Protein chains: 2
Amino acid sequence: MSLSYAMLGILSYGPRTGYSLKKVFDKSISQVWVASLSQIYRELSVLEKKGYVCSTIQKQDDRPNKRIYNITGAGELAFQEWLQDFPDKLSYPLRDGFMLRIFFGSKLEKEELIIQFERFISQKKAYLKVLEEIESTFNVYCNEFSSESPEKDQLFWNFTIKRGKMTLKTVIRWAEECVEQLGKYED
Amino acid sequence: MSLSYAMLGILSYGPRTGYSLKKVFDKSISQVWVASLSQIYRELSVLEKKGYVCSTIQKQDDRPNKRIYNITGAGELAFQEWLQDFPDKLSYPLRDGFMLRIFFGSKLEKEELIIQFERFISQKKAYLKVLEEIESTFNVYCNEFSSESPEKDQLFWNFTIKRGKMTLKTVIRWAEECVEQLGKYED
DNA sequence: AGGATCATGTAACCGGTTACATGATTAC
DNA sequence: GTAATCATGTAACCGGTTACATGATCCT
């Protein structure tokens, strides 16, 4: 399962709690793989049973106790094996409720469609701004998170951000062109 | 569930068997929503229990018997309701095993990464060709599938194809730029 | 001779989502 | 005061994947 390897990959940078693992997901990896807290906690206990991580409890007086997870040697090995094993098919199946409705667009009012395209555009533009903000504070975050070689990690994290930005710009342009075409279209 | 509405949407163009429903998915809607045969059969029986479709068996001597599904009035209504009810969030969560490995690219050999990027590029280029072929034979398929207003349907189906083509071209460009940057990078 | 196509399903499994449960501290 | 953050989990549910089962005809 990819989620568990994503988690092992993060833990290979250093020990973390489930909660802080979630933070890393949200701040960086969510570009590429989203995860919920309940999933992370469930998966952590599976990983511990497999011997890929081990945990120690750190008592805190002012805050709830922490269960800190460390990656084991077996965990590092399993992660490296997964990492090197690229799947044959490099694409993933697509399921998009918005596009499904566009597919059946002939059964909708033109005005309603334009409203929805505009909503789509503004949501994508908002997300583009989020990505640009992440990008601009990236080197700070890199040094926090990655201890060994922050510059090298930044190269690859920038690849994922760049893909996000490029595809966002493209779908915004696509939606704008759709609105234009719809405007011209008379039925 | 979106799958069932996608199925109802197709059935609103005319009666079909589970098997031929799958064909329509593969030829057109799979751009936007993929479905497996077992899923389709399972979902058809659910839809029948709900009264959204009804089936009749057509005996065939040379081929296995067909169970032909028709959409009911209640089904049409449910479909229209779903269609008009665009979700607030117009994007879908992303989970991409390839990108996850790129994210951890600093832990891989540069040469291996370039090989994988090249594979990515050739796969995307192949898929782009498939899309272009679909596009060029689209008007034929439109008249086959859509009885009422093929030109209007074609407009929207072209929207989905166009998005596919645009994003494919973008990710190909992205991957090429990554290879270029990787080539320059010395560690 | 062998693989693709037509045609219909069932059952087990797996992983992602949602809801539930608890509760202190900190910042506005 | 109230919302957010810190912190950990469990349980039920739902939908997508994979494997199994069957068998004739058509095309190469």
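Note that these values count all heavy atoms, side chains included, but never hydrogens, waters or copies made by symmetry. None of these values were measured; they are calculated from a predicted model. Residue numbering restarts at 1 for every chain, and letters A, B, ... go by the order of the sequence lines.
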Backbone N/O of B:G51 and side chain of B:T72: donor-acceptor pair under 3.5 Å: yes
Donor-acceptor contact present, side-chain A:K22 to main-chain A:S36, <3.5 Å: no
B:V130 reachable from B:M166 in the ILVMFWY side-chain graph, under 4.5 Å edges: yes
N/O donor-acceptor pair under 3.5 Å between B:Q123 side chain and A:D88 backbone: yes
Sugar-phosphate only, base, or nothing, as touched by A:R95 at under 4.0 Å among non-hydrogen atoms: sugar-phosphate
Within residues 76-91 of chain B: residues closer than 4.0 Å to DNA chain D (heavy atoms): none
Test item: A:W157 side-chain N/O and B:F103 main-chain N/O as donor-acceptor pair under 3.5 Å: yes
Upstream residue (5' side of DNA chain C) when B:N65 and A:V34 are each assigned their closest nucleotide: B:N65
Check: B:S55 main-chain N/O paired with B:E48 side-chain donor or acceptor under 3.5 Å: yes
Divergence of helical axes at both termini of the helix from C:dA1-D:dT28 to C:dC28-D:dG1 - five pairs an end, 10° steps: 60°
Transitive ILVMFWY side-chain link A:Y41 to A:Y52, under 4.5 Å: no
Residue met sooner reading DNA chain C from 5', once B:S45 and A:S38 are mapped to nucleotides: B:S45
Donor-acceptor contact present, side-chain A:R101 to main-chain B:D85, <3.5 Å: yes
Linked, directly or transitively: A:I161 and A:I172 (ILVMFWY side chains, under 4.5 Å): yes
Salt bridge (charged side-chain N to carboxylate O under 4.0 Å, His left out): pairs with one or both residues in residues 119-130 of chain B, sequence neighbours excluded: B:K125-B:E176
Sugar-phosphate, base or nothing in reach of A:Q60, heavy atoms under 4.0 Å: sugar-phosphate
A:K66 NZ to C:dA24 P, straight-line distance once rounded to whole Å: 19 Å
Residues in contact with DNA chain D, drawn from residues 3-29 of chain A - heavy-atom cutoff 4.0 Å: A:T17, A:G18, A:Y19, A:K23
Aromatic ring pairing A:F120/A:W174, orientation class (parallel under 30°, perpendicular over 60°, tilted between): perpendicular
Terminal contacting nucleotides, 5' and 3', DNA chain D versus chain B (heavy atom, 4.0 Å): D:dG15 to D:dC26
Enumerate donor-acceptor pairs with a distance under 3.5 Å from any side-chain N or O in residues 3-15 of chain A to protein atoms, sequence neighbours excluded.
residue	atom	partner	partner atom	Å
A:S4	OG	A:M1	O	2.8
A:S12	OG	A:G9	O	2.6
A:S12	OG	B:K107	NZ	3.2
A:Y13	OH	A:D153	OD1	2.7
A:Y13	OH	A:D153	OD2	3.4

Parallel, tilted or perpendicular, as decided by the 30° and 60° cut-offs, for the rings of B:F159 and B:F156: perpendicular
